[in-house]
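First the structure, in the form of structure tokens, and then the observations on it.
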Amino acid sequence: TRQLGKLDAADRLSWFTGPEIPAAVSSLLVDRAGTLWLSGPDLFRFGGRQAELRTGGVGYVRRIVEGRRTGLLYLGSSRSGLAVGDGATWRRLGGPTTEGSESVYAVLEAGPADVWVGTAAGLYRAVDDRLVLPEPPLRIDRPVFSLAEDREGRLWFGTMDTAQAVPTG
């Protein structure tokens, strides 16, 4: 069986107890509370020495991101879109049914109130629990694999062939 272990400062190994972890781990996150989240085909929460299998309301979780402003957790699925929650309860965001829009690669809380989502179909903005296409110049219609915000508030996105910054204001 596959289990998760950790080394302490004295190099002592301790093992988490609980369900077997997946062979493929697509994302790791240590949240503000120090809780370890691990995803793959399933979502796991590791607190203390106990591992818990969690359901985030989406299928295979490709990306786990903690909102730097809100502390909410975002679960980006490879086939079921985006879910957001506090770790105990989750809600799935609705949105377009464009091919690839349910395959989430990146999530970013940016600015005072924006949540940006990079998908296989392009760039989306989360508005009122829905994913919507932004207006140009932020409308990107090719896969967006990574997102970042710089000090000037520009949104950076990475695609298969470029990295580019655009103002969001």
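We count residues from 1, following the sequence as given.
By the 4.5 Å heavy-atom criterion applied to side chains, F157 and V166 are counted as neighbours. Put simply, the side chain of M160 does not reach to within 4.5 Å of the side chain of P143, judged on heavy atoms. Residues L108 and L155 meet the side-chain proximity criterion, which asks for heavy atoms closer than 4.5 Å.
Of all heavy-atom pairs spanning S146 and A106, the tightest one is CA-CB, 3.8 Å. The nearest pair of heavy atoms linking E109 to V115 is CG-CG2, 3.9 Å. What you find for W156 and A165 is that their closest heavy atoms are CE2-CB, 3.2 Å. Here the closest heavy-atom approach between residue S80 and residue R92 is recorded as O-NE, 2.7 Å. The shortest non-hydrogen separation linking R68 to R32 is O-NH2, 2.6 Å. The minimum heavy-atom distance linking L131 with V117 is given by the pair CD2-CG2, 3.7 Å.
Rounding to the nearest 0.5 angstrom, the gap separating the CG atom in L29 from the OG1 atom in T35 is 9.0 Å. For the atom pair CG of L36 and CZ of F44, the computed distance is 11.5 Å after rounding to the nearest 0.5 Å.
S77 meets the side-chain hydrogen bond (donor to acceptor under 3.5 Å, both in side chains) test with no other residue; sequence neighbours excluded. Remark: W116 engages no residue in a side-chain hydrogen bond (donor to acceptor under 3.5 Å, both in side chains) (not counting sequence neighbours). Annotation: side-chain hydrogen bond (donor to acceptor under 3.5 Å, both in side chains) contacts of D129 (sequence neighbours excluded): R91. Legend: residues meeting side-chain contact (heavy atoms from CB on, under 4.5 Å) with A121, ordered by chain and number and at least two apart, are T98, S101, T119, Y124. Annotation: ring pair (Phe, Tyr, Trp, His ring centres under 6.0 Å) contacts of Y105 (sequence neighbours excluded): F145.
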Subject >> Check against side-chain contact (heavy atoms from CB on, under 4.5 Å), R142 and D161 >> reply: CA-CA 10 Å; R142 59 190 179 279; D161 57 2; 3.6 Å; yes
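Linking ILVMFWY residues whenever their side-chain heavy atoms come closer than 4.5 Å, directly or via other members, places F46 and V25 in the same cluster. The same ILVMFWY cluster, assembled from side-chain heavy atoms under 4.5 Å apart, contains both L82 and L133. Connection of V65 to L72 is established within a shared hydrophobic cluster, with ILVMFWY side chains joined at heavy-atom distances below 4.5 Å, either directly or through further cluster members.
A donor-acceptor distance shorter than 3.5 angstrom exists from the side chain of R62 to the backbone of V104, with no hydrogens or angles considered. Of the possible donor and acceptor atoms, one in the side chain of S39 sits under 3.5 Å from a partner among the backbone N and O of V61. No donor-acceptor pair under 3.5 Å is formed between the side chain of E149 and the backbone N or O of A110. At distances below 3.5 Å, not a single donor-acceptor pair connects side-chain atoms of R45 with backbone N or O atoms of W37.
Under the side-chain contact (heavy atoms from CB on, under 4.5 Å) rule, I64 has a single partner from L75, L38, L28, D31, which is L75.
As a member of the Ile/Leu/Val/Met/Phe/Trp/Tyr network built from side-chain separations under 4.5 Å, V132 groups with V127.
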